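What follows is a short report on a single structure.
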There are 2 protein chains.
Amino acid sequence: MIKPEVFDNELQELANFAKVISHPARLAILKYLAETKTCISGDISDKLPLSRTTVSQHLKELRDSGLIHGEIDGLKINYCLCGSSIEEKLAKFDDFFSKIACQEITCK
Amino acid sequence: MIKPEVFDNELQELANFAKVISHPARLAILKYLAETKTCISGDISDKLPLSRTTVSQHLKELRDSGLIHGEIDGLKINYCLCGSSIEEKLAKFDDFFSKIACQEITCK
DNA sequence: GTTTTATGTCGCAAACATACGACATAGTTT
DNA sequence: AAACTATGTCGTATGTTTGCGACATAAAAC
């Protein structure tokens with residue numbers, strides 16, 4: 001029961017991005033992909049304390065949001081960070097928070 | 001059914017922050033508090049397409065996470081952004097993503 | 001061509017989030 | 001002190017997320 005349509009697009013998009021990265025498993029996947037530097041296949045599951053099925057679903061969410069993408073290579077799938085998409089989302093994030101954080105309005 | 005304890009603390013904290021800001025209503029509240037610049041009371045409800053109860057709950061989440069705080073002033077409550085806390089969380093956010101975004105590892 | 005391997009999808013259960021009306025509390029006004 | 005006002009909390013309905021085993025698919029190895 002959510003009322004999404006009533007908020008403006010900027011907020012909507014930012015909230016969606018935040019939701020994607022609001023689970024430690026998904027952050028862990030991003031971190032892992034960044035660290036291995038090379039696009040590695042889905043043996044990510046072995047590195048996380050979650051079942052393969054669950055990891056596969058987290059990968060799907062990251063894929064759907066465009067933060068990563070996977071390329072089929074025979075039996076395996078090489079996943080990698082999608083740099084441009086991450087940059088784009090971070091830029092929007094920074095834009096929003098630069099409006100908010102820089103003013104000294106702390107009550108106390 | 002969540003398995004949070006198994007991920008390291010950095011990821012955990014960051015995920016929690018992301019979760020707090022992953023709803024457009026909460027972003028709208030932060031934006032509103034930033035725009036009015038002065039700490040205003042809970043007539044925030046009037047500005048959002050949500051019931052007073054619902055807004056009150058979103059305020060509670062923001063309060064609990066430390067992003068805002070409220071000060072009682074007679075019958076009203078003056079809410080305001082908690083600048084230091086926001087800065088702190090943004091710093092952790094940036095720290096994480098600087099490790100991730102700056103490398104050119106896009107597959108395609 | 002059967003077995004093995006890497007992966008995705010389905011269906012379910014438990015947990016969590018969202019939204020809101022009804023009620024509670026506590027300060028203000030009369 | 002009775003009525004009014006601003007706010008929070010409770011209970012509840014409905015929707016969404018998380019996690020996983022079981023099954024499906026399709027390439028690779030034998």
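This one's a predicted model, so the numbers in the text were calculated from it and none came from an experiment. We use all heavy atoms of the structure for the numbers below, so side chains are in, but hydrogens, waters and symmetry mates are not. Numbers restart at 1 for each chain; the letters A, B, ... are given by sequence-line order, proteins then strands.
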Closest of C:dG8, D:dT9, C:dA19 to the B:Leu50 side chain is C:dA19
Rounded to whole Å, the CG-P distance (B:Asp43 to D:dG8) equals 12 Å
Paired with A:Tyr79, the side chain to side chain donor-acceptor pair (under 3.5 Å) test is passed by just one of A:Arg63, A:Glu71, A:His69, namely A:Arg63
Practice task
Check whether any side-chain nitrogen or oxygen of B:Thr54 sits under 4.0 Å from OP1 or OP2 of C:dC20, and answer yes or no.
Solution key: yes
Give me the distances for all protein-to-nucleotides 21-27 of chain D N/O pairs that come in under 3.5 Å?
from   : atom 1 : to      : atom 2 : distance (Å)
D:dG21 : N7     : A:Thr53 : OG1    : 3.3

**Asked** Are A:Leu67 and A:Arg26 close enough, and set up right, to give a side chain to side chain contact (heavy atoms under 4.5 Å, CB included), and what steps lead you there?
**Response** CA-CA 10 Å; A:Leu67 293 181; A:Arg26 290 192 286 271; over 6 Å; no
Taken to the nearest whole Å, CG/A:Leu59 to P/D:dC20 is 14 Å
When rounded to whole Å, the CG to P distance for the pair A:Leu62 and C:dG8 reads 12 Å
**Prompt:** If only side-chain N and O atoms of B:Tyr79 are considered, is one of them under 4.0 Å from the OP1 or OP2 phosphate oxygen of D:dA6?
**Reply:** no
Against the side chain of B:Ser56, the closest entry in C:dT18, C:dT7, D:dG8 is D:dG8
Closest non-hydrogen contact found for B:Leu11 with A:Pro24 is CD1-O, 3.9 Å
Here the distance between atom P of D:dT16 and atom NE2 of B:His23, to the nearest Å, is 11 Å
Rounded to whole Å, NE2 of B:His58 lies from C1' of C:dA17 at a distance of 9 Å
When rounded to whole Å, the NZ to P distance for the pair A:Lys60 and C:dT9 reads 6 Å
Atom CD1 of B:Ile21 and atom P of C:dA17 are separated, to the nearest Å, by 15 Å
B:Ala34 and A:Ile100 have their tightest heavy-atom pair at CB-CG1, 3.6 Å
For A:Lys89 and A:Ser65 the tightest heavy-atom approach is NZ-O, 2.8 Å
Can a salt bridge be assigned to the pair A:Lys47 and A:Glu35 using a cut-off of 4.0 Å between side-chain N and carboxylate O?
no
With sequence neighbours left out, the residues meeting side-chain hydrogen bond (donor to acceptor under 3.5 Å, both in side chains) with A:Lys60 are A:Asp64
Result for 5'-nearest mapping on DNA chain D, choosing between A:Arg26 and B:Lys76, is B:Lys76
Separation of C:dT18 atom C1' from A:Gln12 atom CD, nearest Å, is 14 Å
